[in-house]
Amino acid sequence: MDIFEGIHTRRSIRQFTEKPVARDQLIEIIKAGTWAPSGRNNQPWRFVVVTGAEVKKNLAKHTKYNFIIEGAQACIAVFADRSAMYSDVKDHQAMGACIQNMLLAAHALGLGAVWLGEILKKADGVRSLLGLPQEMELMAVVALGQPAPGEHTSQRKDVSEVLLKEL
Ligand SMILES: Cc1cc2nc3c(=O)[nH]c(=O)nc-3n(C[C@H](O)[C@H](O)[C@H](O)COP(=O)(O)O)c2cc1C
C-alpha cells in the first residue's frame with residue numbers, strides 16, 4: 001500500500017469479526033510502532049499484547065468503550081517507560097508517532113484498529129491488571145481485529161482552514 005493511500009484510507013474501526021489476529025501480525029504492528037522516531041532515539045515505548053478472553057474482559061472494565069475491547073480479537077496496551085524518558089513533551093510526542101505507525105501498519109495488513117484514549121482515566125487500574133511497575137505510563141490501548149463489514153467515514157478540515165500562514 002502506498003504510504004499516502006494508507007494515510008488517507010485508514011479509519012478507526014470499532015467493530016470486528018470473530019476471526020483471530022495472527023501473532024505474527026501483532027508483532028509486525030508492534031515492530032512498525034518501534035520504527036517511529038523518538039528524541040535521542042530513546043525508544044520509550046513498551047507493549048503488552050492481550051488476546052486472552054479473561055484479561056480482555058477485565059481490561060474492558062476500565063473504559064466506557066468496553067464493547068470495543070470485548071469485540072476486538074486483540075488489544076495492544078501501549079506504555080511509555082518513564083525510566084527511559086528524558087522530556088515529557090518530546091517523549092509523549094514520540095509515543096503518538098509510535099501509535100500512529102501501529103494504526104497504519106494494522107491498516108496495511110488489512111486489519112481494523114482503533115486508538116483508545118478514554119481508558120487513560122483508569123490508567124492505574126490497567127497497569128495493575130497487567131502486573132506492570134509504576135514507571136509504565138499507559139498511553140493508549142489499540143484494539144484490533146478483522147474489520148466487520150460496513151462503511152467507515154470520517155472528515156477532516158480542509159487544509160485552508162488549518163494553514164495559518166505562508167510567509
Ligand atoms: C488520542 C486519541 C484518543 C482516542 N480515544 C478514543 C477512544 O477512547 N474511543 C474511541 O472510540 N476512539 C478514540 N479515538 C479515535 C478518534 O475518535 C478518531 O481517530 C477520530 O474520530 C477520527 O476518526 P478516524 O480515525 O476514523 O479518521 C482516539 C484517537 C486519538 C488520537
Side-chain angles (χ1 to χ4, degrees), residues 1-18 21 25-26 29-30 32-39 44-51 55-82 85 87-130 136-163:
M1 187 186 281
D2 170 74
I3 201 157
F4 281 102
E5 185 194 349
I7 288 169
H8 293 305
T9 60
R10 180 210 59 80
R11 293 279 71 78
S12 293
I13 304 298
R14 299 177 176 85
Q15 286 176 310
F16 310 96
T17 72
E18 289 185 4
V21 179
Q25 292 188 313
L26 295 172
I29 289 164
I30 291 171
T34 69
W35 276 96
S38 60
W45 32 73
R46 306 289 181 264
F47 309 90
V48 174
V49 173
V50 177
T51 51
V55 187
K56 197 149 57 80
K57 200 169 98 187
N58 286 322
L59 183 62
K61 290 180 186 157
H62 292 81
T63 170
K64 69 177 181 183
Y65 296 106
N66 55 325
F67 64 97
I68 300 179
I69 292 183
E70 281 159 8
Q73 289 303 314
C75 289
I76 303 176
V78 185
F79 293 86
D81 181 351
R82 295 207 64 90
M85 287 168 59
S87 150
D88 258 28
V89 171
K90 291 179 214 174
D91 286 309
H92 289 140
Q93 288 172 338
M95 292 306 305
C98 165
I99 298 164
Q100 171 70 343
N101 268 12
M102 295 171 74
L103 297 180
L104 289 173
H107 181 46
L109 290 168
L111 297 170
V114 62
W115 174 330
L116 297 177
E118 194 272 343
I119 198 167
L120 299 189
K121 288 181 186 159
K122 302 257 174 74
D124 287 345
V126 171
R127 189 176 52 229
S128 73
L129 171 72
L130 302 178
M136 294 301 157
E137 183 186 0
L138 184 66
M139 293 286 105
V141 169
V142 177
L144 292 144
Q146 318 289 335
E151 212 180 311
H152 301 97
T153 57
S154 192
Q155 289 180 345
R156 293 295 186 270
K157 291 176 180 151
D158 191 80
V159 171
S160 61
E161 293 178 66
V162 294
L163 177 60

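Remember, it's 1-based here, ligands and their atoms both numbered in the order they're listed. Basis for what follows: all heavy atoms, side chains included, without hydrogens, waters or symmetry-related copies.
- Pairs engaging residues 142-153 under the side-chain hydrogen bond (donor to acceptor under 3.5 Å, both in side chains) rule: none recorded [sequence neighbours left out].
- Counting heavy atoms from C-beta on, the side chains of Gln73 and Glu18 come closer than 4.5 Å.
- Closer than 4.0 angstrom to ligand 1 sit non-hydrogen atoms from Arg10, Arg11, Ser12, Arg14, Tyr65, Ile68, Val114, Trp115, Leu116, Gly117, Glu118, Ser154, Arg156.
- At least one side-chain heavy atom of Leu130 sits under 4.5 Å from a side-chain heavy atom of Val50.
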Less than 3.5 Å apart, which donor and acceptor atoms pair up between the side chains of residues 106-115 and the rest of the protein, not counting sequence neighbours?
| from | atom 1 | to | atom 2 | distance (Å) |
| --- | --- | --- | --- | --- |
| His107 | NE2 | Thr9 | OG1 | 2.6 |
| His107 | NE2 | Arg10 | N | 3.3 |

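- Heavy atoms of other residues, nucleotides or ligands lying less than 6.0 angstrom from CD of Gln25 number more than 12.
- A search for side-chain contact (heavy atoms from CB on, under 4.5 Å) contacts involving Lys122 returns His62, not counting sequence neighbours.
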